[in-house]
There are 2 protein chains.
Amino acid sequence: MMIPNIVEVASLIGDASRASMLMCLLGGKSLPANELARAARITPQTASSHLAKMVEGGLLVHESYGRHRYYRLANSEVGQALEALNAIAPQKPVRSLRESDESRALHFARTCYDHLAGEVGVAWIDKMLQLVLLKEQGRNFVLTAEGEQWFGDFGIDLDGIRGGRRHFARKCLDWSERRYHMAGALGAAVTSRLFDLGWIERIPGGRAIRVTDRGFRGLEDKFGLTLSSDFSTDLQRRLIRNGFVEG
Amino acid sequence: MMIPNIVEVASLIGDASRASMLMCLLGGKSLPANELARAARITPQTASSHLAKMVEGGLLVHESYGRHRYYRLANSEVGQALEALNAIAPQKPVRSLRESDESRALHFARTCYDHLAGEVGVAWIDKMLQLVLLKEQGRNFVLTAEGEQWFGDFGIDLDGIRGGRRHFARKCLDWSERRYHMAGALGAAVTSRLFDLGWIERIPGGRAIRVTDRGFRGLEDKFGLTLSSDFSTDLQRRLIRNGFVEG
DNA sequence: TTCATAGTTCGATGATAGTCGAGTAATTTT
DNA sequence: AAAATTACTCGACTATCATCGAACTATGAA
């Protein structure tokens, strides 16, 4: 009997400690072993063992800088696989208020590897399709002529993006919204631009993203995108009070 | 810290026996527990335990008919997750001749849910496009006037298909060929017709499909489709001799 | 009824693998 | 140079879980 080759990779993900580390890395950052061990609440020895296995299994890659070893996801397909698993994972009931806040923050906006996901990511794609700046084509999004113009105006270097080997604009299933947001080089570039503009910020300690006041205004002006107000500044203030976000 | 809930589903998939059963069910059919146990080479007791866990975990659903209990994938997202894992799983070197044969059989022809995939599925689509019986349109295929006629002659009830809620003819990315084959109601109907004609047969114990001698002739006559000879009748005979296929 | 088949539940067993303590190596700081 | 930091390797312990034999339920056939 041929053992399916998904077993190895699935069992790697199917461990609480390793999954915790993977979820941290899903933010797209490189993190040192030390920090990943703390995040997973295990000793450095154990973490080291897990990290070695995930590198061996092709999930992670690492680079050494001095005595530090920084780990990150091996490629964007790993991120997409993690998202796909999230999509079929039963939503666990949250236990504490803090977890509830964290959950809501994640649903509202988060990074998926290196692009924007969650309510904001999906709403943005909807608007782009509605304005016919993008079109769906199989597993990808493609730019219309108007879209070409628009992204250029927004400060995206489309030629530079197309130069790379990476997929241009790929669909990625959103586990919280159960619909598609944009992955690929274009998704990453737009997200990067939003960070540069100060419209979104990372919420320390996780993958959650905060939309700044300037961001709410900018998305409204530039996209005509009015975000649902249920993720209010009120909640954001609570996150800060709980220490989940440093004010 | 919120424990990521992908752990549960990933660890469910990350077991050789369960993964074997899932890969069988990725063929799209409902299968009885008995058959799944044989496919995974485990006793019915063990299989029963695994199946219960996968139902509990939301991967499978079951329906009872008489004393039989048929299991199938809970939804298409489960299939997508399995495909996504497949995409990041390292291609294992095949150890035995028999594994090599099974791998070649899967690449040559297999079912993806309920439609034809692999080399044959992609080659068939190519021919249909070349003959202008089908055209590509976004993420779908559409029939031309000639195609309408042709599929009718082939014994496909197009009106019946269009009556359903399902997408008519959708593109589906093929993991082995890295190109599109046809999913949707039409893809399923054509595959079903090929089974009825005895042109293709399921190879017991997996998702692989065997093209019969009649099938080779039929595909040649009706489609002008000459399949690559590297999957020869010689190999097919070996499959039969190894007991992988019941002759 | 009697027998056979399909499937499950329970309990015992055995192997896998996650965990951490101790020791080693390499780099930065004092 | 010594101390502190970061990370890895090895070995032992332990808990989990896949596995199967035996017993049980339910459906279908003779």
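Keep in mind it's a predicted model, so treat the numbers as computed, not measured. Residue numbers begin at 1 in each chain, while the letters A, B, ... track the order of the sequences.
- Minimum heavy-atom separation, A/Leu116 to A/Val120: CD2-CG1, 3.8 Å.
- Residues of residues 47-56 of chain A having a heavy atom closer than 4.0 Å to DNA chain C, listed by number: A/His50, A/Lys53.
- Under the 3.5 Å distance criterion, the side-chain polar atoms of B/Asn75 are matched with a main-chain donor or acceptor of B/Val78.
- A salt bridge between A/Glu35 and A/Arg69 is absent, with no side-chain N of the basic residue lying under 4.0 Å from a carboxylate O of the acidic one.
- Taking for each of B/Ala33 and A/Ser11 the nucleotide of DNA chain C with the nearest heavy atom, the 5'-most of the two is the partner of B/Ala33.
- The shortest distance between side-chain heavy atoms of A/Arg72 and A/Glu63 falls below 4.5 Å.
- The side chain of A/Ile42 has C/dT19 as its nearest neighbour among D/dA18, C/dT19, D/dA7.
- Atom C1' of nucleotide C/dA6 and atom CD of B/Gln45 are separated by 12 Å, given to the nearest angstrom.
- Protein atom CG of B/Leu36 is 15 Å distant from nucleotide atom C1' of C/dT8, rounded to whole Å.
- In this structure, the side chains of B/Leu59 and B/Ile13 come closer than 4.5 Å at one or more pairs of heavy atoms.
- Within the helix from C/dT1-D/dA30 to C/dT30-D/dA1, the inter-axis angle between the opening and closing five-pair segments is 20°, rounded to 10°.
- Note on B/Pro44: a base of the nucleic acid sits closer than 4.0 angstrom, heavy atoms only.
- Counted by atom type alone, A/Ser20 and A/Ser17 present zero donor-acceptor pairs between their side chains at under 3.5 Å.
- Residues from residues 60-70 of chain B lying near DNA chain C, meaning a heavy-atom separation below 4.0 Å, are B/Arg67, B/His68, B/Arg69 in numerical order.
- Between B/Gly14 and A/Ser11 the shortest heavy-atom distance is O-CB, 3.4 Å.
- Closest of all the heavy-atom pairs between B/Ala189 and B/Ile161 is CB-CD1, 3.4 Å.
- A salt bridge is absent between A/Arg110 and A/Glu119; no separation between the charged side-chain nitrogens and carboxylate oxygens falls under 4.0 Å.
- Close to D/dT19, at under 4.0 Å from its OP1 or OP2, lies no side-chain N or O of B/Thr43.
- Proximity note for A/Asn34 (side chain, C-beta onward) versus D/dC8, D/dT19, D/dT6: the nearest is D/dT6.
- Between D/dC20 and B/Thr46, a contact under 4.0 Å exists linking OP1 or OP2 to a side-chain N or O.
- Note: CZ (A/Arg38) to P (D/dT5) measures 14 Å, nearest angstrom.
- Side-chain contact between A/Cys172 and A/Cys112 is present, with at least one heavy-atom pair separated by less than 4.5 Å.
- Rounded to whole Å, atom P of C/dG7 lies 11 Å from atom CG of B/Leu31.
- The shortest distance between the side-chain N/O atoms of A/Tyr71 and the OP1/OP2 oxygens of D/dT6 is not below 4.0 Å.
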